[in-house]
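Worksheet for the structure shown next.
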Amino acid sequence: MRIVAHVDMDAFFAAIEEREHPEWHGKPIVVGADPEGGRGRGVVSTANYKAREFGIRSAMPISLAWRKCPYAMFVRPRQLYGEVSDKIMALLTRELKEIGGAVEAVSVDEAYLDLSSCGSFEVAEQFARRLKQAIFWQERLTASVGIGPNKLVAKIASDFHKPDGLTVVQPKMVEAFLAPLHVRALRGVGPKTEEHLKRLGIQTVRDLKEHTETELVETFGVFGRALFRQARGIDERAVSEAPEEAKSIGRQTTFAQDIVKPGPILAAAMKLAEKVHRDIMAERVNFRTVTVTCRYADFETHTKSRTLPTATQSFPTLKAATMKLLWQFLGKRPVRLIGVRVGKLD
Ligand code: TTP
Ligand code: MG
């Protein structure tokens with residue numbers, strides 16, 4: 001029997017700041033760009049739960065967060081978060097070694113654990129409870145854990161009760177657990193797919209289950225099959241120590257003022273491409289895709305990618321692709337942010 005857990009730290013960056021500043025306990029804390037008295041142009045990385053009561057969320061403009069709660073503690077991100085993350089991942093790896101299970105770190109504050117060797121969901125639950133305690137004793141930070149028969153269910157379960165939650169979804173409960181959830185809980189369902197599904201009258205996983213696989217494939221192509229399977233809680237992805245998705249390398253910049261003229265935007269894009277290229281050389285990898293992001297002043301954001309015929313390290317190729325992709329977004333509307341990213345690394 002397969003048993004998978006998903007561990008996700010609560011309000012990670014903000015919780016670390018709260019730990020480091022006991023005098024801030026109970027106060028709203030926002031980690032992110034400098035609010036500059038409401039004129040700052042960056043975004044929120046994360047906020048503690050107190051700050052979330054004011055409606056502050058990750059990725060929100062820092063200026064908006066400042067308006068929602070000007071007297072919150074606003075702090076810049078720092079290196080310490082990466083060090084704490086490494087220590088937590090090391091702890092998980094140590095503990096899982098004891099029971100012969102794999103740990104797959106998926107981001108700075110989350111990991112999948114293979115708990116199959118526990119033999120039952122009851123034993124896995126006890127193990128997870130001890131793990132949460134061990135994290136708290138070592139780091140004075142809380143985590144939320146979800147346990148299920150696969151990654152999909154474990155991940156949704158870890159988010160189900162936050163902060164400091166532990167949610168177990170036994171195999172026989174999977175379909176009932178998923179049915180009332182909004183489709184946005186599923187992998188790969190972003191705002192666009194959500195809108196598309198809504199037009200088809202599909203808002204919850206239960207609605208999604210009314211549709212046959214053929215119908216969903218007709219509408220969404222191969223992704224339709226993934227939706228069909230997810231709606232039934234089917235997910236066969238293994239918990240593996242190697243990262244499941246190919247890494248990418250990218251940089252982005254927010255302009256001090258919105259810019260319409262293509263010239264300075266393209267110049268900034270060249271600087272980003274140079275930095276990305278430096279990272280490519282430092283990591284000794286080749287890239288096969290180039291993606292540019294363009295965010296307009298009103299936050300409408302577009303991305304466009306190009307796949308090259310062969311993997312390369314060439315700076316002229318990166319430059320040409322960046323120019324070509326970005327050009328089409330420019331000249332009409334004020335631009336706030338641009339990004340350059342390369343992927344399919346080998
Ligand atoms: P999350 O796990 O998404 O968020 P969180 O840990 O702050 O809060 P939650 O209790 O809901 O899990 O992300 C982990 C960290 O990654 C987060 O603390 C800060 C960083 N992050 C960003 O920098 N920008 C973002 O847009 C998001 C979502 C996260
Ligand atoms: Mg988290």
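Atoms considered below: every heavy atom in the structure, side chains included; atoms not considered: hydrogens, waters and symmetry mates. Order of appearance sets the numbers: ligands from 1, and atoms from 1 within every ligand.
- If you number the atoms of ligand 1 from 1 as listed, the ones under 4.0 Å from a heavy atom of Y49 come out as 9 (P), 10 (O), 11 (O).
- Here the NE2 atom belonging to H25 is positioned 10.0 Å from the CG atom belonging to N48, to the nearest 0.5 angstrom.
- When D109, I16, V44, T142 are checked for heavy-atom proximity to atom 1 (P) of ligand 1, D109 turns out nearest.
- Among protein heavy atoms, atom 25 (C) of ligand 1 sits closest to S45 O, 3.6 Å.
- Those atoms of ligand 1 that come under 4.0 Å of a heavy atom in S58, given as number and element, are 25 (C), 26 (O), 27 (C), 28 (C).
- Residue contacts with ligand 1, taken as heavy atom pairs separated by less than 4.0 Å, involve R52 solely via side-chain atoms from C-beta onward.
- One finds the CD1 atom of I16 at 11.5 Å from the CD atom of E18 (value rounded to the nearest 0.5 Å).
- The closest approach between P163 and ligand 1 stays at or above 4.0 Å for every heavy atom of the residue.
- If you look at E110 next to ligand 1, there are no close heavy atoms at all, none under 4.0 Å.
- Using a 4.0 Å cut-off between a side-chain N of Lys or Arg and a carboxylate O of Asp or Glu, R333 and D298 qualify as a salt bridge.
- Atom CZ of R306 is separated from atom OG1 of T289 by 12.0 Å, given to the nearest 0.5 angstrom.
- Short contacts between ligand 1 and T46, defined as distances under 4.0 Å to a heavy atom of the residue, involve ligand atoms 5 (P), 7 (O), 17 (C), 18 (O), 19 (C).
- Backbone and side-chain nitrogen or oxygen atoms of V108 are examined, and none is located within less than 3.5 angstrom of a nitrogen or oxygen of ligand 1.
- Under 4.0 Å is where a charged nitrogen must lie from a carboxylate oxygen, and between E53 and K50 at least one such pair does.
- F329 and Y296 have perpendicular rings, their planes meeting at more than 60° on a 0 to 90° scale where under 30° would count as parallel.
- Closest N/O/S atom of D109 to the Mg ion (ligand 2): OD2.
- In this structure, atom 18 (O) of ligand 1 is in close contact with the protein, since a protein heavy atom lies within 4.0 Å of it.
- For residue M9, an N/O/S atom approaches the Mg ion (ligand 2) to within less than 2.8 Å.
- In terms of the ring pair (Phe, Tyr, Trp, His ring centres under 6.0 Å) criterion, Y49 has no residue partners (sequence neighbours excluded).
- Atom numbering of ligand 1 starts at 1 in the shown order; those under 4.0 Å from a heavy atom of F12 are 5 (P), 6 (O), 7 (O), 18 (O).
- In summary, the atoms of ligand 1 found under 4.0 Å from a heavy atom of D8, numbered by their order in the structure, are 2 (O), 12 (O).
- With respect to R229 and E213, no salt bridge is recorded, no charged nitrogen being found less than 4.0 Å from a carboxylate O.
- Here D8 meets the criterion, with an N, O or S atom under 2.8 Å of the Mg ion (ligand 2).
- Note on ring orientation: taking the six-membered ring where Trp is involved, the planes of H196 and F220 are tilted (angle from 30° to 60°).
- Comment: R129 engages E125 in a salt bridge, judged by a side-chain N to carboxylate O separation of less than 4.0 angstrom.
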